[in-house]
Amino acid sequence: MHLEVSQLYKQFPTRNGTVVALKDINLHIEEGEFVCAVGASGSGKSTLLRLIAGLDAPTGGEVRVDGVCVTGPGADRGMVFQNYTLYPWMNIAENVGFGLKLQGVRPGERRQRVAYYLEVVGLSQFAKALPKELSGGMKQRVAIARALASQPKILLMDEPFGALDVQTKEAMQQFLLQVWRQTETTIFMITHDVEEAVFLSQRIYVLSARPGTIKQELRIDLPCENGDRTYHIKRHPKFQHYKDEVMGLLRDREEAAIVAGATV
Ligand SMILES: Nc1ncnc2c1ncn2[C@@H]1O[C@H](COP(=O)(O)OP(=O)(O)O)[C@@H](O)[C@H]1O
Ligand SMILES: [Mg+2]
(Lines give C-alpha, C1' and ligand atoms only; values in the text may rest on other atoms or scores of the structure.)
(Ligands and ions follow the chains in the order given, each with its own letter.)
Protein backbone atom coordinates (compact mmCIF):
# COMPACT_ATOMS: atom_id res chain seq x y z
CA MET A 1 0.00 0.00 0.00
CA HIS A 2 1.43 3.33 -1.11
CA LEU A 3 -0.43 5.76 1.14
CA GLU A 4 -2.29 4.45 4.14
CA VAL A 5 -4.36 6.51 6.54
CA SER A 6 -5.45 4.59 9.63
CA GLN A 7 -7.99 5.62 12.26
CA LEU A 8 -7.09 9.24 11.77
CA TYR A 9 -8.64 11.56 14.32
CA LYS A 10 -8.19 15.31 14.59
CA GLN A 11 -9.67 17.75 17.03
CA PHE A 12 -9.03 21.45 17.47
CA PRO A 13 -9.40 23.33 20.73
CA THR A 14 -11.46 26.50 20.25
CA ARG A 15 -12.85 29.14 22.57
CA ASN A 16 -16.24 27.40 22.40
CA GLY A 17 -14.89 23.96 23.19
CA THR A 18 -13.40 21.22 21.08
CA VAL A 19 -14.12 20.85 17.37
CA VAL A 20 -13.76 17.32 16.01
CA ALA A 21 -12.69 17.91 12.39
CA LEU A 22 -11.94 14.28 11.45
CA LYS A 23 -13.05 11.03 13.02
CA ASP A 24 -11.94 7.49 12.22
CA ILE A 25 -10.65 8.16 8.71
CA ASN A 26 -9.35 5.03 6.99
CA LEU A 27 -8.21 5.19 3.40
CA HIS A 28 -5.51 3.90 1.12
CA ILE A 29 -4.08 4.88 -2.23
CA GLU A 30 -2.15 2.53 -4.46
CA GLU A 31 0.81 3.50 -6.58
CA GLY A 32 -0.23 5.28 -9.78
CA GLU A 33 -3.84 5.78 -8.70
CA PHE A 34 -5.85 8.98 -9.06
CA VAL A 35 -8.17 9.24 -6.06
CA CYS A 36 -10.44 12.10 -4.97
CA ALA A 37 -12.08 12.78 -1.63
CA VAL A 38 -15.23 14.83 -2.00
CA GLY A 39 -17.10 16.58 0.77
CA ALA A 40 -19.02 19.72 1.64
CA SER A 41 -17.18 22.72 2.96
CA GLY A 42 -16.24 22.18 6.60
CA SER A 43 -16.08 18.39 6.25
CA GLY A 44 -12.38 18.39 7.12
CA LYS A 45 -10.91 18.05 3.62
CA SER A 46 -8.10 20.56 4.08
CA THR A 47 -7.39 19.18 7.54
CA LEU A 48 -7.04 15.69 6.07
CA LEU A 49 -4.65 16.87 3.38
CA ARG A 50 -2.57 18.86 5.87
CA LEU A 51 -2.22 15.78 8.08
CA ILE A 52 -1.11 13.68 5.10
CA ALA A 53 1.32 16.43 4.08
CA GLY A 54 2.68 16.49 7.64
CA LEU A 55 1.89 20.20 8.02
CA ASP A 56 -0.16 19.38 11.10
CA ALA A 57 -0.10 16.44 13.54
CA PRO A 58 -3.08 14.12 14.13
CA THR A 59 -4.74 13.81 17.53
CA GLY A 60 -4.97 10.07 16.93
CA GLY A 61 -4.21 7.51 14.22
CA GLU A 62 -1.48 7.70 11.62
CA VAL A 63 -0.47 8.32 8.02
CA ARG A 64 2.03 6.03 6.30
CA VAL A 65 3.78 6.49 2.97
CA ASP A 66 5.33 3.24 1.74
CA GLY A 67 5.06 1.94 5.27
CA VAL A 68 6.86 4.89 6.88
CA CYS A 69 4.92 6.94 9.41
CA VAL A 70 4.56 10.64 8.47
CA THR A 71 5.93 12.94 11.17
CA GLY A 72 6.39 16.15 9.16
CA PRO A 73 6.56 17.57 5.65
CA GLY A 74 8.78 15.78 3.14
CA ALA A 75 9.78 15.81 -0.50
CA ASP A 76 7.95 12.49 -0.97
CA ARG A 77 4.67 14.44 -0.85
CA GLY A 78 4.09 17.37 -3.23
CA MET A 79 1.36 19.91 -2.51
CA VAL A 80 -0.79 22.11 -4.75
CA PHE A 81 -3.20 24.49 -3.03
CA GLN A 82 -6.23 26.42 -4.30
CA ASN A 83 -4.51 29.78 -4.05
CA TYR A 84 -1.55 30.39 -6.25
CA THR A 85 1.43 30.18 -3.98
CA LEU A 86 4.13 31.34 -6.39
CA TYR A 87 6.81 33.78 -5.28
CA PRO A 88 5.97 37.01 -7.14
CA TRP A 89 9.58 38.20 -7.38
CA MET A 90 10.90 34.97 -8.93
CA ASN A 91 10.43 34.11 -12.57
CA ILE A 92 8.59 30.94 -13.55
CA ALA A 93 11.70 28.77 -13.91
CA GLU A 94 13.01 29.98 -10.53
CA ASN A 95 9.65 29.22 -8.92
CA VAL A 96 9.67 25.67 -10.32
CA GLY A 97 13.28 25.10 -9.26
CA PHE A 98 13.12 26.66 -5.81
CA GLY A 99 12.22 23.47 -3.91
CA LEU A 100 14.98 21.59 -5.72
CA LYS A 101 17.47 24.22 -4.62
CA LEU A 102 16.36 23.77 -1.00
CA GLN A 103 16.76 20.00 -1.39
CA GLY A 104 20.31 20.53 -2.57
CA VAL A 105 19.78 19.29 -6.13
CA ARG A 106 22.82 20.38 -8.22
CA PRO A 107 22.35 23.29 -10.68
CA GLY A 108 22.77 21.11 -13.78
CA GLU A 109 20.13 18.59 -12.79
CA ARG A 110 17.95 21.40 -11.49
CA ARG A 111 17.97 23.11 -14.88
CA GLN A 112 17.13 19.84 -16.62
CA ARG A 113 14.23 19.02 -14.33
CA VAL A 114 12.82 22.56 -14.49
CA ALA A 115 12.97 22.46 -18.30
CA TYR A 116 11.33 19.04 -18.39
CA TYR A 117 8.41 19.90 -16.10
CA LEU A 118 7.83 23.28 -17.77
CA GLU A 119 7.56 21.30 -20.99
CA VAL A 120 5.11 18.85 -19.35
CA VAL A 121 2.82 21.72 -18.35
CA GLY A 122 3.28 23.50 -21.69
CA LEU A 123 4.95 26.63 -20.32
CA SER A 124 8.51 26.40 -21.66
CA GLN A 125 8.23 29.74 -23.41
CA PHE A 126 7.26 31.43 -20.12
CA ALA A 127 10.38 30.35 -18.20
CA LYS A 128 11.58 33.94 -17.82
CA ALA A 129 8.16 35.49 -17.19
CA LEU A 130 7.00 36.69 -13.77
CA PRO A 131 3.88 35.15 -12.13
CA LYS A 132 1.91 38.42 -12.58
CA GLU A 133 2.21 38.03 -16.37
CA LEU A 134 0.35 34.69 -16.26
CA SER A 135 -3.38 33.87 -16.12
CA GLY A 136 -4.84 31.92 -13.18
CA GLY A 137 -4.82 28.61 -15.07
CA MET A 138 -1.20 29.13 -16.12
CA LYS A 139 -0.17 29.94 -12.56
CA GLN A 140 -1.76 26.72 -11.39
CA ARG A 141 0.16 24.83 -14.10
CA VAL A 142 3.36 26.34 -12.69
CA ALA A 143 2.35 25.19 -9.20
CA ILE A 144 1.79 21.68 -10.58
CA ALA A 145 5.18 21.74 -12.35
CA ARG A 146 6.84 22.92 -9.14
CA ALA A 147 5.26 20.10 -7.13
CA LEU A 148 6.16 17.48 -9.77
CA ALA A 149 9.76 18.72 -10.10
CA SER A 150 10.63 17.22 -6.70
CA GLN A 151 9.37 13.89 -8.11
CA PRO A 152 7.19 13.16 -5.09
CA LYS A 153 5.73 9.72 -4.44
CA ILE A 154 2.33 11.31 -4.22
CA LEU A 155 0.86 14.61 -5.36
CA LEU A 156 -1.63 16.11 -2.88
CA MET A 157 -4.04 18.69 -4.27
CA ASP A 158 -6.45 20.83 -2.22
CA GLU A 159 -9.19 22.17 -4.51
CA PRO A 160 -6.53 23.28 -7.00
CA PHE A 161 -9.03 24.56 -9.58
CA GLY A 162 -11.50 26.10 -7.14
CA ALA A 163 -10.55 29.67 -8.02
CA LEU A 164 -10.74 29.23 -11.81
CA ASP A 165 -13.61 30.04 -14.16
CA VAL A 166 -15.62 27.12 -15.54
CA GLN A 167 -13.92 26.92 -18.97
CA THR A 168 -10.40 27.14 -17.56
CA LYS A 169 -11.31 24.62 -14.90
CA GLU A 170 -12.50 22.11 -17.49
CA ALA A 171 -9.35 22.59 -19.57
CA MET A 172 -7.19 22.16 -16.44
CA GLN A 173 -8.98 18.94 -15.46
CA GLN A 174 -8.28 17.44 -18.86
CA PHE A 175 -4.72 18.72 -18.71
CA LEU A 176 -4.18 17.14 -15.27
CA LEU A 177 -5.31 13.74 -16.56
CA GLN A 178 -2.74 14.01 -19.36
CA VAL A 179 0.01 14.95 -16.88
CA TRP A 180 -1.04 12.05 -14.65
CA ARG A 181 -0.73 9.58 -17.54
CA GLN A 182 2.52 11.03 -18.82
CA THR A 183 4.29 11.15 -15.43
CA GLU A 184 2.58 8.10 -13.85
CA THR A 185 2.27 10.09 -10.63
CA THR A 186 0.01 9.05 -7.78
CA ILE A 187 -2.56 11.77 -7.11
CA PHE A 188 -4.85 12.40 -4.16
CA MET A 189 -7.13 15.38 -4.71
CA ILE A 190 -9.63 16.98 -2.38
CA THR A 191 -12.61 18.79 -3.85
CA HIS A 192 -16.18 19.83 -3.12
CA ASP A 193 -16.96 19.63 -6.85
CA VAL A 194 -18.71 16.32 -7.50
CA GLU A 195 -18.43 16.53 -11.29
CA GLU A 196 -14.70 17.18 -10.99
CA ALA A 197 -14.25 14.17 -8.70
CA VAL A 198 -16.16 11.82 -11.04
CA PHE A 199 -14.33 13.12 -14.12
CA LEU A 200 -10.83 12.73 -12.65
CA SER A 201 -10.93 9.77 -10.31
CA GLN A 202 -10.51 6.08 -10.45
CA ARG A 203 -11.91 5.98 -6.92
CA ILE A 204 -13.78 8.46 -4.74
CA TYR A 205 -14.09 8.73 -0.98
CA VAL A 206 -17.24 10.60 0.01
CA LEU A 207 -16.83 12.52 3.27
CA SER A 208 -19.64 13.48 5.58
CA ALA A 209 -19.42 16.62 7.67
CA ARG A 210 -18.99 17.43 11.36
CA PRO A 211 -17.14 15.38 12.25
CA GLY A 212 -15.60 14.41 8.91
CA THR A 213 -15.90 10.67 8.39
CA ILE A 214 -15.76 8.52 5.29
CA LYS A 215 -19.28 7.80 4.25
CA GLN A 216 -18.57 5.66 1.24
CA GLU A 217 -15.91 4.55 -1.19
CA LEU A 218 -16.86 4.32 -4.87
CA ARG A 219 -14.97 2.92 -7.82
CA ILE A 220 -15.46 4.98 -10.97
CA ASP A 221 -15.44 2.84 -14.05
CA LEU A 222 -15.91 4.97 -17.16
CA PRO A 223 -14.89 4.16 -20.73
CA CYS A 224 -11.88 5.97 -22.21
CA GLU A 225 -11.45 7.25 -25.76
CA ASN A 226 -8.05 6.26 -27.12
CA GLY A 227 -6.92 5.68 -23.55
CA ASP A 228 -7.82 9.23 -22.51
CA ARG A 229 -10.85 10.58 -20.71
CA THR A 230 -12.13 13.74 -22.39
CA TYR A 231 -14.93 16.06 -21.35
CA HIS A 232 -17.29 14.26 -23.80
CA ILE A 233 -17.57 11.60 -21.11
CA LYS A 234 -19.64 14.04 -19.05
CA ARG A 235 -22.56 13.34 -21.38
CA HIS A 236 -22.29 9.57 -20.85
CA PRO A 237 -25.25 8.10 -18.87
CA LYS A 238 -22.81 6.30 -16.56
CA PHE A 239 -21.16 9.65 -15.73
CA GLN A 240 -24.52 11.10 -14.73
CA HIS A 241 -25.25 7.98 -12.69
CA TYR A 242 -22.04 8.32 -10.67
CA LYS A 243 -22.62 12.03 -10.19
CA ASP A 244 -26.15 11.41 -8.90
CA GLU A 245 -24.90 8.72 -6.57
CA VAL A 246 -22.27 10.99 -4.98
CA MET A 247 -24.69 13.94 -4.83
CA GLY A 248 -27.23 11.69 -3.12
CA LEU A 249 -24.69 10.65 -0.48
CA LEU A 250 -23.78 14.28 0.20
CA ARG A 251 -27.40 15.44 0.20
CA ASP A 252 -28.60 12.77 2.68
CA ARG A 253 -26.14 14.03 5.17
CA GLU A 254 -26.99 17.68 4.59
CA GLU A 255 -30.71 17.01 5.13
CA ALA A 256 -30.00 14.93 8.22
CA ALA A 257 -27.92 17.81 9.64
CA ILE A 258 -30.70 20.32 8.99
CA VAL A 259 -33.29 18.05 10.59
CA ALA A 260 -31.03 17.43 13.60
CA GLY A 261 -30.48 21.17 13.91
CA ALA A 262 -34.22 21.84 13.78
CA THR A 263 -34.98 19.52 16.69
CA VAL A 264 -32.50 21.19 19.06
N1 LIG B 1 -6.73 25.47 12.99
C2 LIG B 1 -8.03 25.25 13.30
N3 LIG B 1 -8.53 25.63 14.49
C4 LIG B 1 -9.82 25.39 14.81
N5 LIG B 1 -10.71 24.79 13.99
C6 LIG B 1 -10.27 24.41 12.79
C7 LIG B 1 -8.91 24.62 12.36
N8 LIG B 1 -8.78 24.13 11.10
C9 LIG B 1 -9.98 23.63 10.75
N10 LIG B 1 -10.88 23.80 11.76
C11 LIG B 1 -12.29 23.35 11.75
O12 LIG B 1 -12.33 22.01 11.30
C13 LIG B 1 -13.41 21.79 10.43
C14 LIG B 1 -12.91 21.31 9.07
O15 LIG B 1 -12.19 22.36 8.40
P16 LIG B 1 -11.49 22.17 6.99
O17 LIG B 1 -10.57 20.99 7.07
O18 LIG B 1 -10.90 23.46 6.60
O19 LIG B 1 -12.72 21.79 6.07
P20 LIG B 1 -12.87 21.85 4.45
O21 LIG B 1 -11.52 21.97 3.86
O22 LIG B 1 -13.58 20.56 4.11
O23 LIG B 1 -13.77 23.02 4.16
C24 LIG B 1 -14.17 23.11 10.36
O25 LIG B 1 -15.23 23.05 11.28
C26 LIG B 1 -13.13 24.14 10.77
O27 LIG B 1 -13.71 25.25 11.35
MG1 LIG C 1 -10.68 23.28 2.48
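Counting starts at 1 for both ligands and their atoms, in listed order. FYI, the numbering just counts along the sequence from 1.
R113 and S150 share no donor-acceptor pair across their side chains, judged by distance under 3.5 Å alone. In the model, E196 has a side-chain atom that pairs as donor or acceptor with a side-chain atom of T191 under 3.5 Å.
Between the K215 side chain and the L249 main chain, a donor and an acceptor come within less than 3.5 Å of each other. Between the side chain of N95 and the backbone N or O of Y87 there is at least one donor-acceptor pair closer than 3.5 Å.
Annotation: salt bridge (charged side-chain N to carboxylate O under 4.0 Å, His left out) contacts of K234 (sequence neighbours excluded): E170, E195.
Judged by a 6.0 Å distance limit and a 45° cone about the ring axis, R146 is not positioned over the six-membered ring of Y117.
For residues 35-54, the set of pairs meeting the side chain to side chain donor-acceptor pair (under 3.5 Å) definition, not counting sequence neighbours, comprises S46-D158.
Residues I204 and L177 share a hydrophobic cluster, clusters being chains of Ile/Leu/Val/Met/Phe/Trp/Tyr side chains in contact below 4.5 Å.
For the Mg ion (ligand 2), the set of protein N/O/S atoms nearer than 2.8 Å consists of S46 OG, ordered by chain and number.
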Using a 3.5 Å cut-off on N/O to N/O, what pairs does ligand 1 make with the protein? A line per pair would be great.
{"from": "ligand 1", "atom 1": "17 (O)", "to": "S46", "atom 2": "N", "distance (Å)": "3.4"}
{"from": "ligand 1", "atom 1": "17 (O)", "to": "T47", "atom 2": "N", "distance (Å)": "2.9"}
{"from": "ligand 1", "atom 1": "17 (O)", "to": "T47", "atom 2": "OG1", "distance (Å)": "2.5"}
{"from": "ligand 1", "atom 1": "19 (O)", "to": "G44", "atom 2": "N", "distance (Å)": "3.2"}
{"from": "ligand 1", "atom 1": "21 (O)", "to": "S46", "atom 2": "N", "distance (Å)": "2.9"}
{"from": "ligand 1", "atom 1": "21 (O)", "to": "S46", "atom 2": "OG", "distance (Å)": "2.9"}
{"from": "ligand 1", "atom 1": "22 (O)", "to": "G42", "atom 2": "N", "distance (Å)": "3.4"}
{"from": "ligand 1", "atom 1": "22 (O)", "to": "S43", "atom 2": "N", "distance (Å)": "3.2"}
{"from": "ligand 1", "atom 1": "22 (O)", "to": "G44", "atom 2": "N", "distance (Å)": "3.1"}
{"from": "ligand 1", "atom 1": "22 (O)", "to": "K45", "atom 2": "N", "distance (Å)": "2.9"}
{"from": "ligand 1", "atom 1": "22 (O)", "to": "K45", "atom 2": "NZ", "distance (Å)": "2.9"}
{"from": "ligand 1", "atom 1": "23 (O)", "to": "G42", "atom 2": "N", "distance (Å)": "2.7"}

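When side chains are defined from C-beta on, L51 counts as touching L22, because their heavy atoms get closer than 4.5 Å.
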